[in-house]
Peer 1: 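Mind looking over this structure? Questions follow.
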Amino acid sequence: MDFNRLVSYQNMLQKSLRKEQSEDRKIDFLTIINQLTFGPKNIVQKEEILLEAQVQGFTEKEVDSLISELIKENIIYESSPGYIKKR
């Protein structure tokens, strides 16, 4: 195997690992939302999500990004300003 193919293979593995780590973070974040939403309404304040996520090592930027991503994926939505609800 020549050097360029080896580097290409290594880059592919790194990209795959980054994607897997990103998915793991998303799952961890969804777990936080699941823990905070209870009762028949399944609703939680964004601020409460942010506080709990920060305790578990998420940054505010990461939380905002994940919320936006999950809204785009139609997993959660903002039921009213400042409140997140699961679908």
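Values reported hereafter were calculated over all heavy atoms of this structure, with side chains retained and with hydrogens, waters and symmetry mates removed.
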Peer 1: Tell me which donor-acceptor pairs under 3.5 Å the side chains of residues 79-87 have, and how far apart each pair is, sequence neighbours excluded?
Peer 2:
from, atom 1, to, atom 2, distance (Å)
Y83, OH, Q45, NE2, 3.3
K85, NZ, K41, O, 3.4
K86, NZ, N34, OD1, 3.0
K86, NZ, T37, OG1, 3.2
R87, NE, N74, OD1, 2.5
R87, NH2, N74, OD1, 3.2

Peer 1: In terms of hydrophobic clusters joined by side-chain contacts under 4.5 Å, are I43 and I49 together?
Peer 2: no
Peer 1: Taking D64's backbone N and O only, do any of them form a donor-acceptor pair with S68's side chain (distance below 3.5 Å, no angle check)?
Peer 2: yes
Peer 1: I'd like to check the salt bridge (Lys or Arg N to Asp or Glu O under 4.0 Å) partners of E47; sequence neighbours left out, ordered by chain and number.
Peer 2: none
Peer 1: Between Q56 and I32, is there a side-chain heavy-atom distance shorter than 4.5 Å?
Peer 2: yes
Peer 1: With sequence neighbours left out, write down each residue that passes salt bridge (Lys or Arg N to Asp or Glu O under 4.0 Å) with E23, or none if nothing qualifies.
Peer 2: K26
Peer 1: Could you grab the distance from atom CG of L17 to atom CG of D24, nearest 0.5 Å is fine?
Peer 2: 9.0 Å
Peer 1: Do I71 and F29 sit in one hydrophobic cluster, given that two such residues count as connected whenever their side-chain heavy atoms are within less than 4.5 Å of each other, even indirectly?
Peer 2: yes
Peer 1: Any heavy-atom pair between the side chains of K15 and N11 that's under 4.5 Å?
Peer 2: no
Peer 1: Considering only residues two or more places apart or on different chains, which pairs with a residue in residues 49-63 satisfy salt bridge (Lys or Arg N to Asp or Glu O under 4.0 Å)?
Peer 2: R25-E62
Peer 1: Please enumerate all residues that pass salt bridge (Lys or Arg N to Asp or Glu O under 4.0 Å) together with E48, with sequence neighbours excluded.
Peer 2: none
Peer 1: Using side chain to side chain contact (heavy atoms under 4.5 Å, CB included) as the criterion, list what pairs up with T31, not counting sequence neighbours.
Peer 2: I27, Q35
Peer 1: Is I75 reachable from L50 through a run of hydrophobic residues whose side-chain heavy atoms are each under 4.5 Å from the next?
Peer 2: yes
Peer 1: Is L51 reachable from I33 through a run of hydrophobic residues whose side-chain heavy atoms are each under 4.5 Å from the next?
Peer 2: no
